[in-house]
There are 2 protein chains.
Amino acid sequence: MPIGLSTEELDRIDLIVAARRKIKRGTTLFRNGEKFNSLYAIRTGFFKTCVASEDGRDQVTGFQMAGEVIGLDGIVNDHHTCDAIALEDAEVCVMPFERIEELSREVNALQRHVHKIMSREIVREHGVMLLLGSMRAEERLASFLLNLVQRLHARGFSKSELILRMTREEIGSYLGLKLETVSRTFSKFAADGIVEVKQRHVHILNTDALKDIVNPKACN
Amino acid sequence: MPIGLSTEELDRIDLIVAARRKIKRGTTLFRNGEKFNSLYAIRTGFFKTCVASEDGRDQVTGFQMAGEVIGLDGIVNDHHTCDAIALEDAEVCVMPFERIEELSREVNALQRHVHKIMSREIVREHGVMLLLGSMRAEERLASFLLNLVQRLHARGFSKSELILRMTREEIGSYLGLKLETVSRTFSKFAADGIVEVKQRHVHILNTDALKDIVNPKACN
DNA sequence: CGTAATGTTGAGCGCATTCAAGCCGGGTGG
DNA sequence: CCACCCGGCTTGAATGCGCTCAACATTACG
């Protein structure tokens, strides 16, 4: 993934991957409390990560797709602090963190890359905090859709059509809303002609309208 | 900060600090858009970090005190993506990130330490997401107070008394509430005999009650 | 084909917000 | 030293957004 490497360096980085692992839909890649050993690069499939409070409430902290890395939460305490659950059959590269640390001492570009991945996650979460702390339901869902479709587009999928891999409840958990509110908001967007929604198939008819909901240009 | 180092290694780590910098209350250590060069270790004082959406809303993403590190958000894009503002006169150690990367290639314990700091921040933000996504006002404020007093206690301050360095508005922004709601909730806690509040002076009378608000033990 | 899981929609409610008025405390200048 | 001012804080009343509870529709799946 990092660029600007010699072929020799690239070969060495390939050696980080200890194994590949297939994860069936609905099963966990790792779960809260488990020993942390490796980071995982998603090759195919779709994951959610969620944390739980002692009294059973849980919160989806993110949705991850091909090319993204999960498991960073485990580094601090040598134990994972959240669950990673496959939302569809998936395959990951298992990258023992020991090896990553070892090799990133020698390959500067890898070291830099690891740091960026972690920093990127921190910045992403800042964005989620902004969303959860100050946006209303419509803004949250619009923001969510735009983010999802943008990431999918970067992977070669459509700019305007997507299939949700998660339930309304999972979307709601991520956005700090109840599933009914998510459903209602989808219906509202559909009524406004902004999207077509048929269960998990979403067709975005008016991207600008979504952007305008997230970031109203009332100043004009 | 890291332990288990030879004195020689410790000396080298000291060399990371390029300078110390004093920050007056109300001024910024860095702000959104600025070039990223260094991480900052807080020696004394108290900071808030906040992100802003294009339309002016902003969200406090954290409060940082002595011993904590800020600036991690800048690593991904070589530019900071949030503002760091001193809530009281402060002093920080400026640690050029280049040097950190350099030295952490040679000193394993430092490398490990850097990774843990970043991972810790990710886990902390997971907790905030849980708070913002699923807690009610009283739970949020109770959780906030407990977290604050626990961190202060770890630095040798009282377990039950603290002085808030931030306004009600800043607390509200962090907790996803309006300042009036923060104020009302403080009043409610006071009426229930859980805390005494006089402006920014807070005296926690019943820690268990606060814990119980965060994590109700209705099962008993 | 039948059952369970998921999604939609409606009605009523409650918590946090909004809007507004007043209070407190610290700093400044007459 | 006191009067004044201003930012921060508190409190009240009314509103509204999202939640709860509930019924029903649709889809997935064994």
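Throughout, a chain's letter reflects where its sequence line sits, starting with A, and its residues are numbered from 1. The figures that follow rest on heavy atoms only: side chains count, while hydrogens, waters and symmetry mates do not.
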A.B. asks: Ignoring backbone atoms, test whether Arg184(B) places a side-chain nitrogen or oxygen under 4.0 Å from the OP1 or OP2 oxygen of dC15(C).
C.D. replies: no

A.B. asks: Do His115(B) and Glu101(A) have side-chain atoms, one donor and one acceptor, less than 3.5 Å apart?
C.D. replies: yes

A.B. asks: Are any of Arg136(B)'s side-chain N or O atoms less than 4.0 Å away from OP1 or OP2 of dC19(D)?
C.D. replies: no

A.B. asks: What distance separates Ser183(A) OG from Arg168(A) CZ, expressed to the nearest 0.5 Å?
C.D. replies: 6.0 Å

A.B. asks: Nearest whole angstrom, please: distance from the C1' of dA16(C) to the CG of Leu141(B).
C.D. replies: 14 Å

A.B. asks: Figure out the CD1/P separation between Ile171(B) and dG8(D), and round it to whole Å.
C.D. replies: 13 Å

A.B. asks: Report the distance from atom CZ of Phe189(B) to atom P of dT10(D), rounded to the nearest whole Å.
C.D. replies: 13 Å

A.B. asks: Quickly work out the Arg140(B) CZ to dA16(C) P distance and round it to whole Å.
C.D. replies: 8 Å

A.B. asks: Hey, is the side chain of Ser187(B) poking within less than 4.0 Å of OP1 or OP2 on dT11(D), counting only N and O atoms?
C.D. replies: yes

A.B. asks: Let me spell it out: for each of Gln199(A) and Met135(A), pick the nucleotide of DNA chain D with the closest heavy atom. Which residue's pick is nearer the 5' end?
C.D. replies: Met135(A)

A.B. asks: With heavy atoms under 4.0 Å as the rule, sort Gly172(A) into base, sugar-phosphate or nothing.
C.D. replies: nothing

A.B. asks: Identify which nucleotide among dG7(C), dT17(C), dG8(D) has an atom closest to any side-chain atom of Lys178(B), counting heavy atoms from C-beta outward.
C.D. replies: dT17(C)

A.B. asks: Send over the distance from His201(B) NE2 to dG25(C) P, rounded to a whole Å.
C.D. replies: 11 Å

A.B. asks: Could you state the atom-to-atom distance from CD of Glu180(A) to C1' of dT9(C) in whole Å?
C.D. replies: 10 Å

A.B. asks: Looking at OG1 of Thr44(B) and NZ of Lys22(B), how far apart are the two atoms once the value is rounded to the nearest 0.5 Å?
C.D. replies: 7.0 Å

A.B. asks: Find the distance Arg165(A):CZ to dT6(C):P and express it as a whole number of Å.
C.D. replies: 15 Å

A.B. asks: Measure CD1/Ile213(A) against P/dC17(D) and give the value in whole Å, please.
C.D. replies: 15 Å

A.B. asks: Nearest nucleotide by nearest heavy atom, which residue falls closer to the 5' end of DNA chain D, Glu169(B) or Leu177(A)?
C.D. replies: Glu169(B)

A.B. asks: Rounded to the nearest 0.5 Å, how far does CG of Leu87(B) lie from CZ of Phe47(B)?
C.D. replies: 8.5 Å

A.B. asks: So, is Arg168(B) near the phosphate of dT10(D), with a side-chain N or O under 4.0 Å from OP1 or OP2?
C.D. replies: yes

A.B. asks: In Å, rounded to the nearest 0.5 Å, how long is the span from OG of Ser158(B) to CD1 of Ile204(B)?
C.D. replies: 8.0 Å

A.B. asks: Between Ser183(B) and dT11(D), is there a contact of a side-chain N or O with OP1 or OP2 at under 4.0 Å?
C.D. replies: no

